[in-house]
2 protein chains.
Amino acid sequence: MTRKADRDQIRRQNRSIVLQALRRNGPMARIDLGQMTRLSPATVTAITSDLLDQGLILSLESEEPKAPLARGRPRTLLKLNPEAVYTIGVRLAVNTIDLSLVDFAGEVVREIRTRFDTATADADSFPDALVTAIRQFLQEAGIGTNRVREIGVAAQGVVETETGMVAWSPAFAGRKIPIVGPLHDAFGAECYISNDTNMITEALHWSDPNRYSGTFAVIMLDYGVGMGLYLNNQLFSGASGTAAEFGHANHVPGGALCRCGKKGCLEAYLSDYALVRAASHLPEDTDPITIRAGVSGLARLIELAGSGDSDACKAFHEAGRVLGYGLARVIAMIDPKRVVLTGAAMRAFAFMEKGMWEGLEEALVADLRNNFSLDVMPWNEDFIRSGLIAQSMERLDKDFLGSASAKGSARPDSKELIA
Amino acid sequence: MTRKADRDQIRRQNRSIVLQALRRNGPMARIDLGQMTRLSPATVTAITSDLLDQGLILSLESEEPKAPLARGRPRTLLKLNPEAVYTIGVRLAVNTIDLSLVDFAGEVVREIRTRFDTATADADSFPDALVTAIRQFLQEAGIGTNRVREIGVAAQGVVETETGMVAWSPAFAGRKIPIVGPLHDAFGAECYISNDTNMITEALHWSDPNRYSGTFAVIMLDYGVGMGLYLNNQLFSGASGTAAEFGHANHVPGGALCRCGKKGCLEAYLSDYALVRAASHLPEDTDPITIRAGVSGLARLIELAGSGDSDACKAFHEAGRVLGYGLARVIAMIDPKRVVLTGAAMRAFAFMEKGMWEGLEEALVADLRNNFSLDVMPWNEDFIRSGLIAQSMERLDKDFLGSASAKGSARPDSKELIA
DNA sequence: AACTTTTTTTCGGACACCAAAAAAAATAAC
DNA sequence: GTTATTTTTTTTGGTGTCCGAAAAAAAGTT
């Protein structure tokens, strides 16, 4: 049953809305906040005054408001206080840990890329290594752990959001690597872990909510095959957090050998190693591990196709057909308004497109097929970080409103949150 | 961005909660309502007094409250006023229209099954026929159209919730049959249309919210193959309302001929005609229309399998394997906590089960496979009606609170809603 | 210096909630 | 048969949040 509603809920929600408005539109005057949020001027004053007291926002008086020298009382701009609180974004990929320190305004204050050895990383060794890396990162930044409110992690592979573990991933030798638990214990911050494609999805929604909202799917062809789902206006990650495992959904029963050990997964037809395997006329049951492909192997194949090499072209065309079939299954199951294709392999989209539409047409009845738009998006690794930031900020804007100011205390300069 | 919150929202939500509590638990005293909703006794009195004024609930004074003769002021039970408003549930299937008149307490007041000719039903003729049937039904029931607040429709096949049309369905000869528009125009009531398996999903959630909530999937094997998805605690029907088209998701590229005209759909391996086709050694490209199977053909096949017929057994076993593959794809994509299998074909589940687990194991890597429970549910046609009712009642409980009582007017017996 | 314009704040009212007190309506005790 | 006890319901008064309107503030304009 729905929960009961009370005043507290109103306050939180409206406060959250004000923060969201400031986050999206930068420094704003109260009157504009009122227009944007549809709250009355009186209410805006009340809320912002509270947020100022809490140190979550700042008044921008001193600085020149680049005013067009209009008549009337000049507007005083308000902005988020960047130093109110910090979050950390962590991206885990093969041999790589990317760390970002992000302030409350969503700006990346500091970032670093460190290396680790994927081949030996397992549940025993990796969590400690990660904690150490973050600790050092914070120390160098001069930010105390107590000022870090959240840590968001994005990892390649199968991520169990619920248990906070990486079930298995190309980035790790071992399985079931616990991440959330160790980080929470070490830093006391709230910690979340997600699949990396989910973060791309989140980033798209943040960057253009008009276009990317409601129900849409993101398919990433890169090192492996990933998917992110935005359903009914929220990121969907399933009951245990491993939803959208597009890459390991079966395409052909008993088909090509996949990195996961099963036969016929979509990944076994679409990913780097699959393309190289097909273009080199290696048998379908060639062990993916023995195929040294990666993003560089993919690049070579794209070059070949560009110069008209028929094996390469055929491999891409066939992969396109498989993609079309995969797309068809996603559409049948999810009925998205839009599908976004991205990832390093999108540079080869021209060689796949024809096959893709063929596959889609073969696989799906027209009534279901004609109701979606397709975006092809050039790949940018920063999307993952953007998604982590978007998600963290969204959570902050919603969660930060628990212990509001005590009564109408006559505005003591109580910057508890900063102190 | 989130909408602003105000008092109105609180009032609606709490009123809705009170109605929901009464709906679920039958007649209750105010004090129990308070406990259940966590609203204070004072608030419960205020809200219920308003609802009484509006005629949405009734006080059960006269009747013996089967009191265990306790001390203290006796509790006065409150219950929903059945006559406050009515809804109509419509089930559209092959040659069949089922109509139910449901009162505000969720009781079926009257029901009727009428026949129509599927073979000639198209966008021109059917809507009028449906309106006529409903009009007559209401007349016989002696309920004015103005007392009908909602009409919920469930149809087999591909239903576009957004446009309010049946895109195509075994129940109709034509395509794109408009339903919501004509009904709304004719009766002025809010009208909704859904896929029938979605209604089963809704019914399961209503009947046991503890077990069926969060993220789960329902697969129905019957005349055709249907799916319903409950994701993040709400029914999911996709951007245009045609999500969960499990039956027409491709299983094998270029495979068996499906009723939809495409090759290799899951339905072409799992449905009534597919089973008969396989058991009779007909070629895979035999046109489904020429195969007279239906539920009766299925029943015969089940009998055969029961008596050890090897063709029938093999057909079921193979269908089981396909089901396992389909299941694997659903799990990879959706990661449900639970999957429910139902439909007339479940009587044959014993013959399919082994194959199903085989298929699932072949198709999906273990890490993704072991996180769900499977329910096999004996089929009951009434589920669809239950789902329609559950959905309607849920909507009523939420929407009915727009124009609350005018101020603290000293309780005039204003039964506007009934009048 | 007075007027106009625009933004922000203050003030008082409305309303939905709640806690506590009061009222109501029964049984139990004497 | 009256009083006490118990339990439910209602009433009263208080709090917090929002809002509209009025007031105040802070500029430019005349």
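Residue numbers begin at 1 in each chain, while the letters A, B, ... track the order of the sequences.
Taking atom CD1 of A:Ile10 as the reference point, atom P of D:dT17 lies 9 Å away to the nearest angstrom. In this structure, A:Gln35 places its CD atom 12 Å from P of C:dT8, rounding to the nearest Å. Here D:dC19 presents its P atom at 15 Å from CZ of A:Arg11, a figure rounded to the nearest Å. In this structure, A:Leu52 places its CG atom 9 Å from P of C:dT9, rounding to the nearest Å. Per the geometry, CG belonging to B:Leu39 stands 15 Å off P belonging to D:dT9, to the nearest Å. Rounding to whole angstrom units, CZ of residue B:Arg75 and P of C:dT27 are separated by 15 Å. If you measure from atom CG of A:Asp50 to atom P of D:dC18, you get 10 Å, rounded to the nearest angstrom. Put simply, CG on B:Leu60 is 17 Å from P on D:dT8, counting in whole angstrom units.
Between the side chain of A:Asp103 and the backbone N or O of A:Glu107 there is at least one donor-acceptor pair closer than 3.5 Å. Looking only at distances, a side-chain donor or acceptor of B:Arg23 sits under 3.5 Å from a matching main-chain atom of B:Phe104. A:Arg11 places no side-chain N or O within 3.5 Å of a backbone atom of A:Ile47 that could act as its donor or acceptor partner.
A salt bridge links A:Arg75 with A:Asp32: at least one charged nitrogen is closer than 4.0 Å to a carboxylate oxygen.
More than 12 heavy atoms of other residues, nucleotides or ligands sit less than 6.0 Å from atom CD of B:Gln234. The environment of A:Arg3 atom CZ is sparse: at most 12 non-hydrogen atoms of other residues, nucleotides or ligands sit within 6.0 angstrom.
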> Does the side chain to side chain contact (heavy atoms under 4.5 Å, CB included) test come out yes or no for A:Met393 and A:Val102, once each step is laid out?
Replying inline: CA-CA 9 Å; A:Met393 295 301 127; A:Val102 182; 3.7 Å; yes
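Set against D:dT17, D:dT9, C:dT8, the side chain of A:Arg7 has D:dT17 as its closest nucleotide.
For the OP1/OP2 pair of D:dT10 and a distance below 4.0 Å, the side-chain nitrogens and oxygens of B:Ser49 include no atom meeting the criterion. The side chain of B:Asn14 contributes no N or O atom lying less than 4.0 Å from OP1 or OP2 of C:dA16.
Scanning residues 24-32 of chain B for heavy-atom distances under 4.0 Å to DNA chain D yields B:Ala29, B:Arg30, B:Ile31.
Residues B:Ser59 and B:Leu78 form a side-chain contact, since some pair of their non-hydrogen atoms from C-beta on lies under 4.5 Å apart.
Comparing A:Ala46 and A:Lys4, the nucleotide of DNA chain C nearest to each residue sits closer to the 5' end for A:Ala46.
Heavy-atom minimum distance, B:Pro209 versus B:Arg24: CG-NH2, 3.7 Å.
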> Just by protein heavy atoms under 4.0 Å, how would nucleotides 20-30 of chain D read 5' to 3' in B, S and -?
Replying inline: B----BBBBS-
